[in-house]
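Okay, so here's the structure we're looking at.
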Amino acid sequence: MRHTRMNRQVVMIVTVLSVWLGVWTSGDAQRLTWLGTLPGGLQSEAWDVSDDGSVVVGKAIVGATWRAFRWTATDGMIDIGALPGTPSQSEAYAVSANGETVVGRSGGSWRAFRWSVADGVMQNLGTLGGGHSIATGVSADGSIVVGWSANAGGSTSAFLWENGGMMDLGTLGGNSSQAWAVSDDGTVVVGEAKTLGNQTHAFRWENYVMQDLGTLGGPNSRAYGISANGVYIVGSAQDSNNQWRAFRWSEAGGMENLGSLGGSEIRTYGVTNDGTVVVGMARNSGGQWRAFRWTPANGVEDLNSVYARLLTPNAVLAGAYAISPDGRYIVGWGAQPGVGNRAFLLDTRCLTHNGDVDENGCVDDADLLAILFAFGEQGEVLGRIDVNCDGVVDDADLLQVLFNFGSGC
């Protein structure tokens, strides 16, 4: 056998080490999954993810129109249909916590829709008297939907839909509003609305009252996301120099400036339940859109730098639209060389494994060499080379490979 000589040496080492190595847990490391597109599709974007990361929803271009999709690892990307109308189009923007209910917009004139696994068909949620509407958020159980609709007065109004009825949430004194997200229990809605001075301000709506969240010193702000528990709100706001900056708002802390990636635009879409991780998309100093993550420890980080080891050459993560409540899963869109824009699912959790670094089913000399060549490297994302997920490739990782050497071969 090709590993006979190596195995003899390994057996001797393992005999000494096995006394204190203990029990190791097997699992997958951090992983970036490109979700592809629908059959015949040209590109795709992922807009939301279920709490456990098993369901992703978004939109894909097929021919000349967008189509809403629901993706699972088992079934891949599935077209969930469209409301009647020409062109036959649909876009999915949010999914319930359990992945069973999807909302978005569809039809030739664009109408907010609600689709569920149980029904398998799109429900037209109507409008507030105008010609179009869009659904952008859904409660954990799928019973409450939010978004915005054209109204009879010719402007747009944020709405909350429940039990077949659509309620106008009002404005901040101006003539229009848009809702972007809702808490898991459906009681807190966030978005943007016009003020009496015709500025756009982020709002928080609860108990029939729309609260102005203010700005970072400039004229405008927009709230795009809310934590599942309704405590944290994220979005973008202009500072005193009229530069757009990411913000995180809470009742306790008010509106906090999270910064930018060096460019003039930033859009903040998702936040974890504890408020410690925020994601979105921002222009860097070179003007390119990049997916970002903010944490208190590291500030605004380009996901392309943080997760560089998971990217193939010239691939780019351009935008992050949602993050799971626990912070493990991030979805959005990026560019893959040779195929164009594609939806992605990023699993950020590092789980220990048995030393099979290259995932070929056999712990062998290739895995051992991978550890040796990376020995001493540090950082959050080392991929499967960091076998025990402690942020450094060291003797503990080497010992795990040696202990399991020959397993599966």
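This one's a predicted model, so the numbers in the text were calculated from it and none came from an experiment.
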Note to self: List the residues meeting side chain to side chain donor-acceptor pair (under 3.5 Å) with Thr65, not counting sequence neighbours, and say none if there are none.
What the structure shows: none
Notebook entry, point to check: What is the distance from atom CZ of Phe405 to atom SG of Cys409, rounded to the nearest 0.5 Å?
Noted result: 7.0 Å
Next item on the list: Output yes when a side-chain donor or acceptor of Ser227 lies under 3.5 Å from a complementary backbone atom of Val271, and no otherwise.
Entry: no
Check: Any salt bridge (Lys or Arg N to Asp or Glu O under 4.0 Å) pairs touching residues 399-409, not counting sequence neighbours?
Finding: none
Check: Quick one: ring pair (Phe, Tyr, Trp, His ring centres under 6.0 Å) pairs with a partner in residues 159-180, sequence neighbours left out?
Finding: Trp148-Trp180, Trp180-Tyr224
Checklist line | Residues that Arg342 engages under salt bridge (charged side-chain N to carboxylate O under 4.0 Å, His left out), provided they are two or more places apart | finding: none
Checklist line | Closest approach of Ala370 to Ile385 (non-hydrogen atoms, all atoms of both residues) | finding: O-CG2, 4.2 Å
Check: In Å, rounded to the nearest 0.5 Å, how long is the span from CG of Asn304 to CG of Leu310?
Finding: 11.0 Å
Notebook entry, point to check: Shortest non-hydrogen contact from Ser96 to Val138?
Noted result: N-CG1, 3.5 Å
Item checked: salt bridge (Lys or Arg N to Asp or Glu O under 4.0 Å) contacts in which one or both residues fall within residues 276-293, not counting sequence neighbours -> Glu265-Arg283, Arg293-Glu301, Arg293-Glu380
Next item on the list: Please collect all side-chain hydrogen bond (donor to acceptor under 3.5 Å, both in side chains) contacts where either partner lies in residues 42-56, sequence neighbours excluded, each pair once.
Entry: Gln43-Asn341, Glu45-Trp47, Ser50-Asp52, Asp52-Ser54
Item checked: Under 3.5 Å side-chain donor-acceptor pair for Thr200 and Lys194 -> yes
Checklist line | By side chain to side chain donor-acceptor pair (under 3.5 Å) - contacts of Asp119 (at least two apart) | finding: Ser116
Next item on the list: May I ask you to decide if Glu192's main-chain N or O and Ser177's side chain share a donor-acceptor pair within less than 3.5 Å?
Entry: no
Notebook entry, point to check: Is the backbone N or O of Gly280 less than 3.5 Å from a side-chain atom of Thr268, with the two atoms forming a donor-acceptor pair by type?
Noted result: no
Next item on the list: Output every pair passing salt bridge (Lys or Arg N to Asp or Glu O under 4.0 Å) with a member in residues 196-219, not counting sequence neighbours, ordered by first then second residue.
Entry: Arg204-Glu206
Next item on the list: Please tell me if the side chains of Arg384 and Asp356 come closer than 4.5 Å, counting only heavy atoms from C-beta onward.
Entry: yes
Next item on the list: Hey, could you give me the CG/CG distance between Asn273 and Asn229, rounded to the nearest 0.5 Å?
Entry: 4.0 Å
Next item on the list: Tell me, please, which residues at least two apart from Asp239 pass side chain to side chain donor-acceptor pair (under 3.5 Å).
Entry: none
Name each donor-acceptor pair under 3.5 Å that joins a side chain in residues 120-129 to protein atoms two or more places apart or in another chain, with its distance.
| residue | atom | partner | partner atom | Å |
| --- | --- | --- | --- | --- |
| Asn124 | OD1 | Gly126 | N | 2.8 |
| Thr127 | OG1 | Gly129 | N | 3.1 |
| Thr127 | OG1 | Gly130 | N | 3.4 |
| Thr127 | OG1 | Gly130 | O | 3.0 |

Next item on the list: Grab the two heavy atoms, one from Ile371 and one from Val393, that are nearest each other, plus how far apart they are.
Entry: O-CG1, 3.7 Å
Note to self: Within this structure, what is the OG-CZ distance for the pair Ser133 and Phe113, rounded to the nearest 0.5 Å?
What the structure shows: 11.0 Å
Next item on the list: To the nearest 0.5 Å, tell me how far Gln178 CD sits from Thr136 OG1.
Entry: 8.5 Å
Notebook entry, point to check: Which residues pass the side chain to side chain donor-acceptor pair (under 3.5 Å) test with Glu256, sequence neighbours left out?
Noted result: Arg248
Check: Which pairs pass salt bridge (Lys or Arg N to Asp or Glu O under 4.0 Å) with one or both residues in residues 77-96, sequence neighbours excluded?
Finding: Lys59-Glu91, Arg67-Asp79, Glu91-Arg105
Notebook entry, point to check: Under 3.5 Å, is there a donor-acceptor pair linking the side chains of Asn151 and Ser157?
Noted result: yes
Margin query: Show the nearest heavy-atom pair for residues Ser139 and Asp184, with the distance to one decimal.
Written below: CB-O, 3.4 Å
